[in-house]
**Q** 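First the structure, then my questions, so here it is.
What you see below is based on every heavy atom in this structure, not just the backbone, and it leaves out hydrogens, waters and symmetry mates. Remember, predicted model here, so these are calculated numbers, not experimental data.
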Amino acid sequence: MERQGNAPPDDIPIVLAREGHHGPVIHAANRAARLNGINPGSRVVDMRAICPELQVEYADPAGDRAALDRLVLWARRWCPWTVRDGESGLILDTTGSDHLLGGEAAMLVEMETQLSLLGLSAQLAVAPTWGAAWALARFGPVRSVCGSDEVGVKLGALPVTGLRLDGETVLLLRRLGLKTIGAVMDVPRLSLTRRFVKAGLEANPLMRLDQALDKLAEPVASVDAQPRFRVQSRLAEPIFDPTPYLPELCENLCEALKQAGQGCRRLHLTVYRTDGDVSHVDVATSATTRDPGHLHGLFRDKVERINPGFGFDLITLEAGSVEEMHERQNRLDGGSDDDLHLTRLVDRLSAKFGPHAVTRPVLRESHVPERAEGQVAALAAMAVAGEAPAKERPLRLFDHPEEVRVLYAVPEGPPAQFIWRRQTHRVARYAGPERIAPEWWKDRPGTRLRDYFKVEDQAGRRLWLYREGLHEDGRGGDPRWFVHGCFA
């Protein structure tokens with residue numbers, strides 16, 4: 001099914017499901033599904049019984065929240081104050097902005113059009129308060145415009161769930177016969193105050209009602225967009241090489257990052273040619289930095305790839321992957337030692353030979369030695385998490401264990417002598433065994449367990465041996481011996 005940029009047909013009941021205590025439950029439903037009596041929280045198997053043509057897709061709550069956070073910033077084309085409202089909505093403070101779009105009704109049409117171009121269907125409402133807009137958008141018409149003198153009338157016909165209350169409070173109000181917001185308005189305030197005097201905001205219908213009717217303030221606390229750090233150099237006449245301008249651009253950008261207490265892990269260099277074409281060069285670092293000299297050096301072998309055409313008259317440099325960065329004092333004189341020599345070397349080699357040419361080891365979640373370590377691009381290694389093994393491991397681990405021929409072995413212990421690489425080694429001392437069982441979720445059936453020994457031969461060479469299998473374990477013949485690594 002195509003998802004991005006293609007909204008599902010309005011007449012097909014579609015739901016998103018998530019795992020519940022007794023199987024999948026409905027997480028969200030489109031309008032067609034709700035008209036068929038399907039509501040969030042119900043079991044999928046029960047809803048299929050009443051709606052056989054129901055289409056089910058699994059929800060991605062974390063992805064939905066991330067997408068909604070991006071949509072919050074995207075919606076600032078209509079007003080400067082936007083915020084995410086729960087798990088499925090946006091609140092926009094359009095005060096003073098609606099007249100720029102021809103009024104509130106025209107603004108809603110524009111919003112619906114732009115959202116539909118993104119493949120999103122929406123229910124929109126404009127009201128004097130957050131609470132009133134929330135209720136009308138979810139329980140009112142598809143597009144609703146509510147004036148200050150109409151709030152009480154339009155909210156009165158809506159169900160009591162429009163007051164943003166928790167499930168237990170809604171159930172209690174319905175048992176008391178209060179099924180609409182208008183019914184709650186008709187109840188004396190003193191009675192509601194006595195009943196919900198100690199209730200929190202989500203369980204107090206009186207406070208929610210006051211917010212919806214503009215008797216209790218509820219301002220929109222808009223989130224701040226991530227600051228953009230960008231510098232540029234406008235040229236009086238076209239040039240063909242941006243190299244002379246890069247040091248100053250890097251200095252200015254790093255100074256702006258320092259003032260904000262930030263660092264970056266990517267730089268985007270853009271040159272605007274006089275013929276209208278644009279060229280880009282990107283560099284990355286393995287650690288957050290704002291050192292102008294180091295960042296300038298990463299462009300040394302990449303600027304030559306720019307096709308200048310007939311020349312360019314505008315150069316911009318923008319920081320990407322911006323992260324918080326603080327100066328740390330580790331010397332008595334107040335300065336700090338530069339401990340990033342290794343990361344700088346990694347950055348220079350990656351810039352010269354490509355991001356995948358330089359790798360570093362990272363830990364994996366596995367107790368099998370050859371699976372507990374992997375290789376990733378050095379620039380991406382900082383994002384890989386892992387824990388160091390609790391047991392001592394060899395400094396050098398062979399890519400493939402090398403089989404040895406045992407001359408004499410102690411039962412359930414290490415070999416007394418073995419032949420490895422055509423040489424006979426006599427075991428002087430050993431430690432172990434350390435038993436490592438197969439990973440049943442990865443290994444084939446019949447994979448034998450391993451008993452590892454740290455042994456030292458007569459020449460002082462320390463090796464890591466393991467015995468594969470046990471006598472009469474039912475998974476093969478006699479055990480086999482392997483050398484898997486060397487200790488320092």
Side-chain angles (χ1 to χ4, degrees), residues 10 13 15 25-42 46-47 50-51 83 85-94 104-105 108 112 121-220:
D10 295 335
V15 298
V25 298
I26 305 298
H27 176 72
N30 67 350
R31 192 177 187 89
R34 292 194 300 270
L35 292 176
N36 281 274
I38 298 173
N39 297 312
S42 305
D46 297 335
M47 296 300 100
I50 64 175
C51 184
V83 67
D85 183 25
E87 300 296 327
S88 60
L90 299 180
I91 287 293
L92 286 68
D93 188 350
T94 60
E104 295 174 337
L108 292 186
E112 187 175 23
S121 59
Q123 293 179 250
L124 308 171
V126 175
T129 64
W130 182 333
W134 190 96
L136 290 170
R138 286 162 175 79
F139 303 100
V142 176
R143 290 193 303 271
S144 177
V145 178
C146 178
S148 301
D149 54 346
E150 302 175 310
V151 176
V153 176
K154 291 192 173 182
L155 290 183
L158 301 182
V160 72
T161 49
L163 289 178
R164 297 177 290 169
L165 303 171
D166 59 19
E168 293 184 0
T169 304
V170 171
L171 181 61
L172 175 60
L173 292 175
R174 286 176 175 173
R175 287 176 177 175
L176 295 175
L178 305 176
K179 299 181 180 180
T180 64
I181 297 179
V184 177
M185 295 180 186
D186 295 335
V187 175
R189 293 181 61 88
L190 183 59
S191 300
L192 288 177
T193 303
R194 289 174 177 173
R195 177 61 183 84
F196 298 99
V197 63
K198 296 183 179 180
L201 180 61
E202 295 185 356
N204 194 323
L206 186 59
M207 294 179 63
R208 287 300 194 188
L209 185 61
D210 286 345
Q211 288 177 337
L213 298 178
D214 204 14
K215 297 179 180 179
L216 185 63
E218 189 179 10
V220 175

**Q** Quick check against the 3.5 Å criterion: does Gln211 have a side-chain atom that pairs as donor or acceptor with the backbone of Leu216?
**A**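 Checking the backbone N and O of Leu216 against the side chain of Gln211, no donor-acceptor pair under 3.5 Å is found.
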
**Q** As a quick check of understanding, evaluate side chain to side chain contact (heavy atoms under 4.5 Å, CB included) for Ile26 and Met47, giving each step before the final call.
**A** CA-CA 9 Å; Ile26 305 298; Met47 296 300 100; 4.1 Å; yes

**Q** Less than 4.5 Å apart, any side-chain heavy atom of Ile181 and any of Phe139?
**A**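 Side chain of Ile181 against side chain of Phe139, heavy atoms only: no contact under 4.5 Å found.
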
**Q** Take Asp210 and Arg189 through the side chain to side chain contact (heavy atoms under 4.5 Å, CB included) test and state the conclusion after the steps.
**A** CA-CA 11 Å; Asp210 286 345; Arg189 293 181 61 88; 3.0 Å; yes

**Q** Show me the pairs that pass salt bridge (charged side-chain N to carboxylate O under 4.0 Å, His left out) and involve residues 127-141, at least two apart or across chains.
**A** Asp85-Arg138

**Q** Quick one: list whatever passes salt bridge (charged side-chain N to carboxylate O under 4.0 Å, His left out) with Glu112, sequence neighbours left out.
**A** Arg143

**Q** As an exercise, state the distance from OG1 of Thr180 to CG of Asp186, rounded to the nearest 0.5 Å.
**A** 7.5 Å

**Q** With Arg34, which residues qualify under salt bridge (charged side-chain N to carboxylate O under 4.0 Å, His left out), at least two apart?
**A**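 Residues passing salt bridge (charged side-chain N to carboxylate O under 4.0 Å, His left out) with Arg34: none at all.
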
**Q** Residues in salt bridge (charged side-chain N to carboxylate O under 4.0 Å, His left out) with Asp93, at least two apart?
**A**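 Salt bridge (charged side-chain N to carboxylate O under 4.0 Å, His left out) check on Asp93 returns nothing, list empty.
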
**Q** What pair of heavy atoms forms the shortest contact from Ala133 to Ala127, and how long is it?
**A**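 That would be N-CB, 3.5 Å.
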
**Q** Mind checking the CG-CG spacing from Leu165 to Leu209? Nearest 0.5 Å is all I need.
**A** 9.5 Å

**Q** Do Pro205 and Val160 have side chains that get closer than 4.5 Å, going by heavy atoms?
**A** no

**Q** Kindly list each side-chain donor-acceptor pair under 3.5 angstrom involving residues 147-156, sequence neighbours excluded, with atom names and distances?
**A**
{"from": "Glu150", "atom 1": "OE1", "to": "Gly147", "atom 2": "N", "distance (Å)": "2.9"}
{"from": "Lys154", "atom 1": "NZ", "to": "Val145", "atom 2": "O", "distance (Å)": "2.7"}

**Q** Of all residues at least two apart in sequence or in a different chain, which pass the salt bridge (charged side-chain N to carboxylate O under 4.0 Å, His left out) check with Arg174?
**A**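 Applying salt bridge (charged side-chain N to carboxylate O under 4.0 Å, His left out) to Arg174 gives none.
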
